[in-house]
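Everything on this sheet refers to the single structure shown next.
The shown structure was predicted, so the numbers you read here are calculated from the model rather than taken from an experiment. The analysis underlying the following values was restricted to heavy atoms, covering all of them including side chains, and did not include hydrogens, waters or symmetry mates.
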Amino acid sequence: ATALAQEAEWMQNFNDAKAKAKAEGKDLLVDFTGSDWCIWCKRLDKEVFAEKDFQTEIVKHYVLVKLDFPRDEKLVTPEIKAQNEALQTEYGIEGFPTIFLMDAGGRPYAQTGYQEGGAAKYLPHVADLQKAKATRDENFTKAKDAKGLDRAKLLAAGIDGMTEDLALKHYKAEVDEILKLDEKNEAGLQAKFAAKLAMVELEKQFNELAQQGDWDGVDKYMADLLTKYKDSKPIVQKATFYRAVVLIESKQDFDGALKLIDEAMKVDADGEFGKRLVQIRANVERIKKQQEEEKGGEKKDGE
């Protein structure tokens, strides 16, 4: 009975789901999943979505949408497959499961994935995430009648409850307007959002140039950023780290890279990326040692 109840409630057609949400005054809970191969998707289905408590409670506030990317192509029609692939690109989905909470227009305000603890924990988790929408709507509504810096501050407050990634991807129009309204950085918003946008661009440029193997390009780009955003800790830390990657990839210069990683760590040792750098540094040390041992072995063979 559970499977039937579950099947009856998840929609596959995104436009139909949006129309239903609008008609019923609800939001959308959208599950990007690989239903027949992704382990965490299967666990989420079994531990949370198939639970009776979840199903009876969640439909009070949400229309459920399953956007599936199965190995077995018979599980989705060609039309749905095409729709899902277009939505994967539009929403920038990089891994499964990705769960979005969206308004009836399809604009996301929160993102999550698998969480332990079954329906009992997932329902309050979703309720907590929904607060971001209340914050957004309250501030955006006030912003309608506001002008200048007041409007900029209200738009920024509306985005504040969301993750950075989400805000910059799906609220670009608002971010651009904030930058324009606070052109002289009188409210500190220009600096805050310009640095965030630069961070998104930094990752994009690094990935593109690294894929082409253009390490000189990466180095030049990071050097420019270090000059331009010398007061932004996240950018200085990430750009310094990527210059270390350049030394390893282009010259196998592990000593130089370790120096730069140390520099990057000092920028913000207690931040999330600062802590990750500790592990990254250990990995680089290990690879360096392996290389030295291999070279030592080759010397012996060649003597």
Do the side chains of D145 and R151 get close enough for a salt bridge, i.e. N-O under 4.0 angstrom?
no
Set out, in order, the CA-CA distance, both residues' side-chain angles and the distance that settles ring-ring contact (aromatic ring centres under 6.0 Å, His included) for F69 and W37, then state yes or no.
CA-CA 9 Å; F69 296 79; W37 60 269; 9.0 Å; no
E183 and Q190 side chains, donor-acceptor separation under 3.5 Å:
no
Of the options K192, K153, K131, which is the one that meets D160 in a salt bridge (charged side-chain N to carboxylate O under 4.0 Å, His left out)?
K192
Nearest heavy atoms of V175 and A167, plus distance in Å
CG2-O, 4.2 Å
Identify, with sequence neighbours excluded, every residue that meets ring-ring contact (aromatic ring centres under 6.0 Å, His included) alongside Y109.
none
Would you check, one step at a time, whether the test side chain to side chain contact (heavy atoms under 4.5 Å, CB included) holds for V284 with I261?
CA-CA 10 Å; V284 173; I261 291 171; 3.9 Å; yes
Within the 4.5 Å heavy-atom criterion, are V76 and Q83 side-chain neighbours or not?
no
Could you walk me through whether D255 and K259 pass the side chain to side chain contact (heavy atoms under 4.5 Å, CB included) test, one step at a time?
CA-CA 6 Å; D255 291 327; K259 269 186 199 152; 5.9 Å; no
Looking only at side-chain N and O atoms, does Y122 offer a donor or acceptor that is under 3.5 Å from a partner on E47?
no
Is a side-chain donor-acceptor pair under 3.5 Å present for Q55 with E51?
no
P70 backbone acceptor or donor facing D36 side chain under 3.5 Å:
no
Would you please say whether a donor-acceptor pair under 3.5 Å links the side chains of Q12 and D68?
no
Between D224 and K220, is there a salt bridge with N-O shorter than 4.0 Å?
yes
Please report the interatomic distance CG(L258) to CD(E285), rounded to the nearest 0.5 Å.
5.0 Å
Would you call L197 and L179 a side-chain contact if the rule is heavy atoms closer than 4.5 Å?
yes
Using 30° and 60° as the class boundaries, would you call the ring planes of F54 and F49 parallel, tilted or perpendicular?
tilted
Within a radius of less than 6.0 Å around NZ of K169, do more than 12 heavy atoms belonging to other residues, nucleotides or ligands occur?
yes
Does F193 have K196 sitting over its ring (NZ/CZ under 6.0 Å from centre, angle to axis within 45°)?
yes
Counting only heavy atoms not in E293, do more than 12 sit closer than 6.0 Å to its CD atom?
yes
Can you confirm whether more than 12 heavy atoms, excluding those of R107, are under 6.0 Å from its CZ atom?
yes
Show the nearest heavy-atom pair for residues K238 and L202, with the distance to one decimal.
CG-CD2, 3.6 Å
Can you tell me how the ring of H170 sits relative to the ring of F100, calling it parallel under 30°, perpendicular over 60° and tilted otherwise?
perpendicular
Using modelled atom types and a 3.5 Å cut-off, is there a donor and acceptor pairing between side-chain atoms of T56 and backbone atoms of D53?
yes
Less than 4.0 angstrom from a charged side-chain N to a carboxylate O is my criterion; do D176 and K172 meet it?
yes
Just by modelled atom types, is the I178 backbone N or O under 3.5 Å from a matching donor or acceptor in the D182 side chain?
no
Ring centroids only, cut at 6.0 angstrom: are F206 and Y221 within range, meaning strictly under it?
no
Between Y242 and E203, a side-chain donor and acceptor under 3.5 Å:
yes
Quick one: CG on D150 to CG on L155, what's the gap to the nearest 0.5 Å?
11.0 Å
